Amino acid sequence: MKAIAMSNFEIVAREDFSDVTYLLEVRHPLMAKAARPGQFVIVMLNEQGERIPLTIADFDRNKGTITLVIQAVGKTTKQMQQECQVGTSLYGMVGPMGIPSPISHAKKVLCVGGGLGVAPIFPQARGFKESGAYVIAVLGFRNKDLVFWEDKFKACCDELILCTNDGSAGMKGMITDGIKVAMAGHPDIDEVVAIGPPVMMKACADATRAAKIKTMVSVNPIMVDGTGMCGGCRVKVGDQVKFACVDGPDFDGHLVDFDDLMSRLKRYTKDEKVAHERWSESCRMTKQVGPGALDALARGRSPQSERLELPDPFEDAPGG
Amino acid sequence: MAKKKTIRTIPQERTPMREQDPQLRAKNFEEVACGYSLEDALRESERCLMCPDEPCIAGCPVGINIPGFIQKIGEKNFRGAYDILTDTNLLPSICGRVCPQENQCEGVCTVGESLEAVAIGRLERFVGDTAIKEGWINIPYIEPNRFRVGIVGSGPAGMACAADMAKAGCDVTVYEAFHQPGGVLRYGIPDFRLPNAVIDAEINNLKKFGVKFECNTLVGRLFTIEQMIGEMGFHAVFVGVGAGYPTMLRIPGDSLNGVLSANELLTRCNLMRARDFPKFDTPLPIGKRVAVVGAGNTAMDAMRVSIRLGAEKVYCIYRRSRTEAPARAEEVHHAEQEGVEFHWLTNPVSVLDDGKGSVRGMRCVRMELGEPDDSGRRRPVPVAGSEFDFETDLIVYAIGTNANPIMGQTSKLKLNKWGYIGADENLATSVAGVFAGGDIVTGAATVIEAMGAGRKAARSMKAYLGIRDPALPYISGDGTGAGTLFGIDTRERNFARVRVA
């Protein structure tokens, strides 16, 4: 009779990639065993907190940990940046949720990650490599300072194209420029997987549409439960309505209605602002907060809604 | 007993229950119905005729000895009444509040043939609340056996099954995906109908029985049903995960901001405490004018929550008429008192856009009732040319739910054509040792029906594991002894084993 020890969601490691991006490694042996590329978790920081969906950036079955890469854009993610130190625990973390990304038998795969989307694309790139594919990674950042995990990708990809907006690392240009380079060099790409802010994924889908290359994207709508119960995460895919949490989060990028997705992501902007201001005041943060960096519901891999309006470090990197 | 009671000698009027004033309660989340006082309960218990045919027991999905507990109330033996209730129903405080008694026990009450039926639900609640207040709990002598039972879902079906299996001596673990146990009782039913304190009390009772609750656990994805039966060492598993996948109307404008499911509204408000925003982080901006589509109990909850969150106008949009509305009469009445505007025979055609991705209003069409359909209700048909628009900024769909797909995606459980888990009359599924019950088998139903299913599954589970069920010899068969041997049901495996030996 084996007793199953449940996790208390302890944070065992932390790494700060920049002043807004950080990595947390949370102990949860059972989840590390179950997790597959493309799945996500829902995290609660404390009892009063909201449930935020974060994509699993990596999992270590030997250590029994789940890795999350988070961008501090809203109230909850900023509070987590401040409070989640090694040795502390999250109030809750449930998952792995969603249908794992199908690692197909494609022979040549292009893995595209924009901004924070670089983190969740990693297990997919590794998965494709393990199944024997030729993997080309295109990673887009705003500038050199925000680049992370270049070494991890180098270790598992056959080719790596790094783009930055200002050209301070890799090639200068948008992520779509990187895709063009890759497609020019490899006319035989079987599949493209793109993760990042919706504008970026939309641009990727548009870039591959003419060539009719299968393009999978991972959508990031607002969620409450993540178990198919609230319907808040519904997205239009072709002529169907799908729930990202149980029917996704991966869908055919050529069918996803990105405009609808982006519009739905803005639902709670005003309330997020209220929550954020209240919190900022209460902890006497002196740091100036840009009016748009208020998205409390940000999904880790690609903080959501205000991508279009705001001074977000990854804003222009991804395709837009 | 003194003189025999007759329909003429009992109090003629049903004892009213004190309620919060509609004006006042529309602004708070305190419970609407305040419950019976001692005097109220004594008076109402007088109204039971103790009739010999006891139709109410048959009317109750779990078969509570209703005249029995009412008699104890009359004798002022409240502990005795509690003992009788807990013989069959572990959660009297919850059932007394949320059961649709008018269609169950009270609907068949003998008194109800000439007067208003005995207020069985209110009496049940009185006993349950007294027990919580007094800290009564009936923990029977439990002899541990070697069996481990896993329960998936901590809603009413799971709780009922867990209680029965724990009483039988099994080591029971309940898994819940949310961060708090209770299922629909917690996220769905609002505080003013079922206070959280009542749920906590009932769950604590279960814990005293030795039931373990594991929250933040999404069964299917974290581990599968097959793993539970296999490597995790559970001898039997009960799946009671509920229906819960909300239906959208699929009309133009469905995806606009400001259109949400009743599940989302209620979960944000009840479980995530959005009503206390920004003290709690989950937002729920309520509209000035809220339109709720549907007229079931969930729709009533959504409307009454909206009023409490500060909506100026709340409309109920329903395509049939009031007589066909599936909600309890009491709920419709309460909603009306609190100021909900009902638009019967009205069907949404499309949601109107404000040009910025949000809801501006709704286009509806008037309906009239035609011929009866499959459900026996008269089918509503649109009246040609009767379209009209009205202004609203929040639209809530409360038009039912479908099967949650996670179990089907992650296990080999056989599903029926609607996606619900296929189970036989004993609630056994296609996988040996796995039982299922509640909404995930039948589709959306009531709390007490789910609890009934949980108990039924527990009986089958005991038979499967070969645990003697003390209740079986008395209730199984047709009472003539056929199908039993020495008073023991032949279907019980342990007995079969003895016979083989």
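A quick note: this is a predicted structure, and the numbers were derived from the prediction, not measured.
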Basic-acidic side-chain contact under 4.0 Å: A:Glu47, B:Lys279: no
Side-chain donor/acceptor pairs under 3.5 Å, residues 351-360 of chain B, sequence neighbours excluded:
{"from": "B:Asp353", "atom 1": "OD1", "to": "B:Gly355", "atom 2": "N", "distance (Å)": "2.8"}
{"from": "B:Asp354", "atom 1": "OD1", "to": "B:Lys356", "atom 2": "N", "distance (Å)": "2.7"}
{"from": "B:Asp354", "atom 1": "OD1", "to": "B:Gly357", "atom 2": "N", "distance (Å)": "3.4"}
{"from": "B:Asp354", "atom 1": "OD1", "to": "B:Ser358", "atom 2": "N", "distance (Å)": "3.0"}
{"from": "B:Arg360", "atom 1": "NE", "to": "B:Asp353", "atom 2": "O", "distance (Å)": "3.1"}

B:Met272 and A:Val224: CA distance, side-chain angles, deciding distance, side chain to side chain contact (heavy atoms under 4.5 Å, CB included) verdict: CA-CA 9 Å; B:Met272 303 310 297; A:Val224 181; 4.1 Å; yes
Proximal component of B:Asp254, with respect to chain A [non-hydrogen, under 4.5 Å]: backbone
Partners passing salt bridge (Lys or Arg N to Asp or Glu O under 4.0 Å) against A:Lys63 (at least two apart in sequence or in another chain): A:Glu25
Heavy-atom pairs under 4.5 Å with chain B, option from A:Gly232, A:Gly231, A:Gly228, A:Gly226 with the top count: A:Gly228
From B:Leu222 atom CG to A:Lys33 atom NZ, the distance as rounded to the nearest 0.5 Å: 9.0 Å
Any donor-acceptor N/O pair, B:Asn257 side chain to A:Ser263 backbone, under 3.5 Å: yes
Flag for B:Tyr245-A:Asp247: side-chain donor and acceptor within less than 3.5 Å: yes
Side-chain donor/acceptor of B:Ser261 to backbone N/O of A:Cys230, under 3.5 Å: yes
Side-chain touch B:Glu264/A:Met229, heavy atoms, less than 4.5 angstrom: no
Per-residue contact mode, A:Met44 against chain B (heavy atom under 4.5 angstrom): side chain
Per-residue contact mode, A:Asp260 against chain B (heavy atom under 4.5 angstrom): side chain
